[in-house]
Number of protein chains: 2
Amino acid sequence: MSKSLTLLSPVDTVACCSPLSRQPLSQQQADQVAPLLKALADPVRLRLMSLVASHVGGEACVCDLNDAFDLSQPTISHHLKVLHEAGLLDREKRGVWVYYRARTEALTNLGTLIGETSA
Amino acid sequence: MSKSLTLLSPVDTVACCSPLSRQPLSQQQADQVAPLLKALADPVRLRLMSLVASHVGGEACVCDLNDAFDLSQPTISHHLKVLHEAGLLDREKRGVWVYYRARTEALTNLGTLIGETSA
DNA sequence: CGATGACATCGATAACTGTCAATATCGACG
DNA sequence: CGTCGATATTGACAGTTATCGATGTCATCG
């Protein structure tokens, strides 16, 4: 049984917070949102996220992602795992290859939480 | 009312990136954006940012911020410094008190970069 | 001037993070 | 079955970070 992370991931709880500038975030809310930002707060992971999210079909193969960086394969695998465990990337194994898919609604929610100022 | 930090801060360069999901972020872009996210990627700093941004007048006194946390004064001062150096908070000393003001346009740009999916 | 109070800086420490080489896992294929 | 190629995991190491107590700075007030 592949552990597909059906547990509560941080990403599930972000949608319920009003924007930063609207009212003070509670400690609980902050504790939920911070891991998501932490997962994104790395140049390599930002590029990985962007590569996957902007890729045709909304998904990308690890084999392609590895080539985009001057880093070792385990390092890329580690960063993908971080993004996956934060709930920002979905993981699917097809044959020998593994495909990651961006959870765009997670990005949308995060963007709204951070950037929205009026509603 | 001297403007501290008129130097280039990371926040100045975020507006020029198209959203994550639009096209792959370049390494340079990622290197510019990541520090901003890193500054926000901490529960205490998220709450600080939210407290200041949502405060009446758009600014808040350190004396008020300290009381909102169960942390030492140097620790809060440290987190405020991180947010300030990232370009997310402006700092102004008035008499004995120091006021921090949120750079809402920075938050808006960040939010757009992360969350925008269509344009 | 000396005291007080608000905030910043310093120095230390424990915990966390990014990276790699080595190794494991696991499908596909002959 | 045995090999190969694609990813993941492990273990180790260097660099970073969150936190605190102690101390410094600086404006205000008596």
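Chain A is the first sequence line, chain B the second, and so forth, proteins listed ahead of strands; every chain is numbered from 1. Note that the coordinates shown come from a computational prediction; the quantities given were computed from them, not determined experimentally.
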Checking B/Q23 now: which residues fulfil side chain to side chain donor-acceptor pair (under 3.5 Å) with it, not counting sequence neighbours?
B/S18

A/D42 near the nucleic acid: base, sugar-phosphate alone, or nothing, with a heavy-atom cut-off under 4.0 Å?
sugar-phosphate

Give a yes/no answer on whether the side chain of B/S72 brings an N or O atom under 4.0 Å of OP1 or OP2 in D/dT19.
no

Examine the side chains of B/H79 and B/R45 and answer whether a donor and an acceptor come within less than 3.5 Å of each other.
yes

I want to confirm an ordering. Mapping B/P74 and A/V82 to their closest nucleotides on DNA chain C, which one lands closer to the 5' end?
B/P74

Is the shortest heavy-atom distance from the side chain of A/Q29 to the side chain of B/L46 under 4.5 Å?
no

Its 5'-most and 3'-most nucleotides having an atom under 4.0 Å from a non-hydrogen atom of chain B, DNA chain C is contacted over C/dA6 to C/dT9

If you compare every side-chain N and O of B/R94 against the phosphate oxygens of D/dA27 (OP1, OP2), does one of them come in below 4.0 Å?
no

Please work out if A/Y100 contacts a base, only the sugar-phosphate, or nothing of the nucleic acid, heavy-atom cut-off 4.0 Å.
sugar-phosphate

When you check the phosphate oxygens OP1 and OP2 of D/dA18, does a side-chain N or O of B/R45 lie under 4.0 Å from one of them?
yes

Would one find more than 12 heavy atoms of other residues, nucleotides or ligands at under 6.0 Å from atom CG of B/D70?
no

Could you tell me whether the phosphate oxygens of D/dT7, OP1 or OP2, come under 4.0 Å of any side-chain nitrogen or oxygen in A/Y99?
no

